**Student:** 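What follows is a structure written as structure tokens; I'll ask about it next.
Values reported hereafter were calculated over all heavy atoms of this structure, with side chains retained and with hydrogens, waters and symmetry mates removed. Lettering follows sequence order; numbering is per chain, from 1. Everything quoted here is computed from the prediction, not taken from an experiment.
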Amino acid sequence: MKLAQLLILPATLLSAVLAIPEYSEHLHLRPLPNGYLYAGFNFTASTSLSAYESQHFRYFPRSLGQILQHSHTKELHLRFALGRWDDESWGSRPRDGKREGGTGVEIWAWLDSGGGKPAVEERWSSLVNSLSGLFCASLNFIDRTKTTRPVLSFEPEGTHRGGGDGMELLHGTLPHEVVCTENLTPFLKLLPCKGKAGISSLLDGHKVFDANWQTMSIDVRPVCHVGEECRLEIQQTVDIVLDIERSMRPRNDPIPRPRPVEELECDESKSYHASDTCYPRRKEGEMAWSLSQIFGTPVRGSCHVADGDESPDVSLEISPDRAVEVLHSGSNETLMSDAQDQRLRVYRLSDSGKYTDISLIQQIIQEAPHQEQPPLYASRQITGFGQERGGMHAVLHNPHTYPQRIVYLESLPWFLRPYMHTLKVLSHPTTSHDQPATPVKPDKMFYTPALDRKRGTHLELLLTIPAQSTVELTYDFDKAILRYTEYPPDANRGFDVAPAIIRVLPLNSNSTAGNGKTQDSYLRTTSLLLPLPTPDFSMPYNVIILTSTVIALGFGSIFNLLVRRFVLAEEVPRSALAVRVAGVMGKVRGWVRSLKGRMRGGGDGGGRAVGGAGEAAGGAGGMNGISGVAESRKER
Amino acid sequence: MDPIPTDDGGGVPGVEGLGLRGSGNTKPTPPTESPRTLLTRRTIVLSFWTIVLCLGLPHWLWTTSTYRASLPLSTMNDWAEGKACDLRFAFPIHLRVLGWTREEMVDLGGNLSVLLGHDGSDGLLDFTFHVGNAVEEPPLPAHRDPALTVVLNAADLPDTYEVASRLEPGESTLRLGSGMSQAGEILDQIRKITAPQQEALAYLLSGTPFAATEHEALQMTRNMRSEASLDARNTRAFKPSTTYHLSFSLFVSGNEPSAWAIEDALAAYVTPLLSALSGVSKFTVTTQVQLHASFSPSIAGPTFDEASREWKLRKEDLSGFVNAAEWPLSPSIGEGSTINFVLYVPAPGHSPLVVADTGGTGWLVPQWGGVAILNLDGPTTQPKPAIDTDLATLTITDLDEIILTFADQLTALIGLPSSPAGSLALRIAALQRERATALLLSTASTLGALSRLVHKLPNIPIPDTVATSVGTSLRHLDLACQDLGVGRYAKTDTNLGALGNAQAASEASEKAFFEPSMVGQVYFPDEHKVAVYVPLLGPMGVPLVLAGVKELLGLYRGMREKVKGT
């Protein structure tokens, strides 16, 4: 909960008291179990709406601002994500999953709906195409088949004039997109300090994309406070989970290789422990790490560019017993716990000086790290076999003692054709397995069926997951057969199916269970790989050749039967061509014979010449033979 | 191995039989065919061929043909060859003489016309004189503004005027003192004003097919010296466009200054210029601030000069000064070109930064924009205060000189002629004329290129949209040509004017030329067709052709025999 509070802090608490600073940035660090470290970067810039409309940009990036203006975008959410958040061991998601995307690229935006549906589609296409250029991503492939209009899953975060009338929500996903350095570079370019000073100097593509889980987000929304001019706020976040040991590999030797046997730490209590068998010993205590070791560089300078920004740059959520040292311009300083929250250490980068580093030593902490339980566990798989049909199977597990209302959103590609009559939602309690499963009736269901090559499926379910129970959601589907030009170059890899998005609705404030969340949270399943029947791509040519053979056999023989005259083989007259060829052959033969006679006098080696001439003669005869095949089988 | 005998003349055994019978009885001959079988076989072959030719071939052609909308190719070629339009530029001059009667003015106007007609050196501009005082009804037909108004103050006493001739900066008016009441003198003044315009137009037309029609006039006005300066002006200026996006960027090498009073500065120095230029193009303005801007690694970087205590930027580095890879200077979205103006504030440790040879702090990048370096008074002498608002924000006094330079560079970048120096209105009118001409020429050449392309690549499809665009383009070209001839240059509420029509024509022609569905089909290879058709049609074609040839040969021989026999 602290994490969520802390991240909302700059956005809500602070702004309620002070005016929002034009720019602020924050890095939150939290060690996770089993040697992982969560690092959440947050950069918030804002501009007044009047300056935005007259195109005077200061900390709000001009390139993005122009795109938003040109496409009449009111609110934008863009996500680039990689990997899977292991909620079994890492607990609840950072920022309640609100700044997280499904694997690949995900974008949803509220566009001005003036001008009707074609105008909105035009704006959406202009938005994704421009963003595609800005972020070097294949966002331009988000066409109508990959766009859905969810009803319940998303709500605008900003304050909009007219309470959100005149806006339309569009949502698109690209699960196949591989997020990489070329997406991070433009992301950093949008920041005022461009990764050259402040906490953004830690963001290096090698580390960010080496993470076990990584998500980059860009959220633009208008923020209005009573008595103040409305502002347009851009929030950029990078959330990563790093394997501490892996990321501390020295820079000059980045290739992972097996450790020498002497360096292995083995659990010698195991019965099978021997000189050639090693069971790795469980790490004791917390690992030692420092920012410069994990990110490859310490924090360079600071990026305090806006007036009124006094918030701390770095915060560590860590046990109060751990010793934290700050190395800054040659001097060491111990970072003490925050006065208000014992588990938090905060630090504001100094304006002077060049480098700041935070380091922790290895310690054995008795207290188990506090872990927030996620609101829901979710997973989704494709079932079935063969290339014709399959089934979808999603498992939603509510570990809490109170029921939860969720919105389950799936946007499926058109070539996956679900049968909604096979949709089954069954619930069974987690505590006792022998009880029969009871069907769960969705409170609401929104379903837009797919149209081939025009629209994907949109399925949205409002469900209540009973307390401490598991809900299984299944349905069957058919796999479409694509045209051969519709396959990607790596056709046998399969097609990616976008993750399901699950929105956990907040409990009602008058609800009896007091420990529910007051804010809604999101989680996403992993993306799926759908194998489709893959054709042989030389097929069109094979078809042509096969057809031609059939025609040659059928048409040719029938036509010949119709127009040929049949006579006895002896009666066939010699053609003029054959006579001429025979004459030439006779000449060649005579020449060869004379050559042979001369060679016989000159020695051996003539055999080859004879063979060659013989072959030539044979070839000529063969050619003639082909043209005469039809005539050689003559009958009366 | 003996070749197997083939039946070449099997269809006409009578002929072969006759030949063989003469050679002896060694080889039996096939019996003579009855005319009925012969007829049946020929009918079969003929019906096959009829089906192929009357049904198969048209069907095949119809299904494989590409759709080509008909284009007015000859009109397009006429434009490309400069035959469609006789380029003349009407230059109506409104003559007002204060203190004279109408008759006297008409007299003067007549004199001027006679003088002009006498030496015939009016070049590309068609001067016409209209007289009348402001109080009277407008002397020109509706929708035609005078290109130049000449006001002769004949009532002046000789000692009261200060200058003999004067141009009004905001309007296209030439004021003459009473010392210049002679027709010859007035004409000289007018020639002085219009000479640069003549040269510029001649420069534009030179080397184009339109030049042929104006050959003599061109020869007269071409001038080597002015050509060099026109060359320079032309390479600097952006391509004519309906919209220009002006992007003013403040690049700071460190953290500060992070704000600038750009809105006030633009309102003071750039907005008036843009409103004056609004008749030529539309302008949008964006500004941005970018901190931590570093030099491009491709340049050597500034070096410190001990003598002058300045950081010098070598002249070779100026072209690479703008770090295109890192500085976010992406073009604005939408139609039109983006003109960038970059103000660079060097780090205090690198200040003052100047260009090595000239010592200047600003330069123009042709067809890209302008760059200026602002050296703040270095805080090297006094220690930097913790938060200094003076340093964090550039005030309008810091900026005014730079924004003025930018405004000057802007005129060069959009190709505004530098003369006549006195009057902005005349310069803008000249720019309109040049723009309209340049757009007309480029449209004509685009249409010519499209016509050649259509002629050269018979495989590309031509959708109807291309034909429509070409039609629109040609219509606007005609209108533009007419407008130039009558002197309707600027855009009015009811009429696009020469410039507007030329812009519309240019846009339509570009749209037609860059039609995406045409571009995509150009690369449909013939090899592909061969690979598909040969296996498909070969097995059918070979027996059909052979049978047809055989029957035809038989028919021919039979006829020859008949002729011999008779």
**Student:** So which atom in B/P543 and which in A/F559 form the shortest heavy-atom distance, rounded to 0.1 Å?
**Tutor:**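 Here B/P543 and A/F559 meet closest at O-CE2, 3.4 Å.
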**Student:** Tell me, for B/L544 versus chain A, whether the close heavy atoms (under 4.5 Å) come from the side chain, the backbone, both or neither.
**Tutor:**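 B/L544 touches chain A through backbone and side-chain heavy atoms alike.
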**Student:** With respect to chain A, which residue among B/T37, B/V542, B/L266, B/I44 yields the maximal number of heavy-atom pairs within a distance under 4.5 Å?
**Tutor:**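 Maximum pair count with chain A is reached by B/I44.
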**Student:** Heavy atoms only: give me the nearest A/R58-B/S258 pair and the separation to one decimal.
**Tutor:**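 Looking at all heavy atoms of both residues, the shortest contact is NE-O, 2.7 Å.
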**Student:** When you look at A/R564 and B/K550, which way does the side chain to side chain contact (heavy atoms under 4.5 Å, CB included) test go after all the steps?
**Tutor:** CA-CA 10 Å; A/R564 289 280 172 178; B/K550 202 184 267 177; 2.8 Å; yes
**Student:** Name the region of B/S294, side chain, backbone, both or neither, that has any atom closer than 4.5 Å to a heavy atom of chain A.
**Tutor:**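 The answer is both parts of B/S294.
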**Student:** If you count every heavy atom of other residues, nucleotides or ligands that lies below 6.0 Å from A/E229 atom CD, does the total exceed 12?
**Tutor:**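 Enclosed.
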**Student:** Determine whether B/E326 and A/K196 make a side-chain contact, defined as any pair of heavy atoms from C-beta on separated by less than 4.5 Å.
**Tutor:**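 Yes, close enough: below the 4.5 Å cut-off.
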**Student:** So for A/L553, is it side chain, backbone, both, or neither that comes closer than 4.5 Å to the heavy atoms of chain B?
**Tutor:**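 Contact with chain B is absent: no heavy atom of A/L553 under 4.5 Å.
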**Student:** Write down the atom of B/H292, the atom of A/A197, and the distance for their closest heavy-atom approach.
**Tutor:**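 Nearest heavy atoms, B/H292 then A/A197: CE1-CB, 3.5 Å.
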**Student:** In Å and rounded to the nearest 0.5 Å, what is the CG to OG1 distance from A/L562 to B/T40?
**Tutor:**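 Reported to 0.5 Å precision, the distance equals 11.0 Å.
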**Student:** In terms of heavy-atom contacts, does CD of A/E53 have more than 12 from other residues, nucleotides or ligands at under 6.0 Å?
**Tutor:**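 Correct, the count exceeds 12.
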**Student:** May I ask you to test the B/M540-A/S548 pair for a side-chain heavy-atom distance under 4.5 Å?
**Tutor:**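 They are not in side-chain contact.
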**Student:** Would you call B/P328 and A/K194 a side-chain contact if the rule is heavy atoms closer than 4.5 Å?
**Tutor:**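 SC-SC contact between B/P328 and A/K194 confirmed.
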**Student:** Do the two ring centres, one from A/F555 and one from B/F48, sit under 6.0 Å apart?
**Tutor:**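 A/F555 vs B/F48: aromatic centres under 6.0 Å.
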**Student:** Going by the side chain to side chain contact (heavy atoms under 4.5 Å, CB included) test, name the single residue among A/H56, A/R62, A/Q69 that passes it with B/T286.
**Tutor:**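 Among A/H56, A/R62, A/Q69, the one meeting side chain to side chain contact (heavy atoms under 4.5 Å, CB included) with B/T286 is A/R62.
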**Student:** Do A/Q66 and B/Q288 touch side chain to side chain, with heavy atoms closer than 4.5 Å?
**Tutor:**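 The answer is no, as the side chains (C-beta and beyond) never meet within the 4.5 Å cut-off.
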**Student:** Looking at A/A51, A/C193, A/S63, which makes the most heavy-atom pairs under 4.5 Å with chain B?
**Tutor:**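 When all of A/A51, A/C193, A/S63 are compared, A/C193 has the most.
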**Student:** Give the member of B/L291, B/T287, B/V45, B/L329 that has the highest number of heavy-atom pairs under 4.5 Å with chain A.
**Tutor:**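 Counting heavy-atom pairs under 4.5 Å, the top option is B/T287.
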**Student:** Look at the side chain of B/R41 and the backbone N and O of A/V563, then say whether any donor-acceptor pair between them is shorter than 3.5 Å.
**Tutor:**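 Here the side-chain-to-backbone pair exists.
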**Student:** Just how far is it from atom CG of B/L250 to atom CZ of A/F57, taken to the nearest 0.5 Å?
**Tutor:**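 That separation rounds to 15.0 Å.
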**Student:** Name the region of B/I262, side chain, backbone, both or neither, that has any atom closer than 4.5 Å to a heavy atom of chain A.
**Tutor:**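 Just the side chain, heavy atoms under 4.5 Å.
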**Student:** Give, as side chain, backbone, both or neither, the part of A/Y59 having an atom under 4.5 angstrom from any heavy atom of chain B.
**Tutor:**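 Answer is side chain: those atoms of A/Y59 sit under 4.5 Å from chain B.
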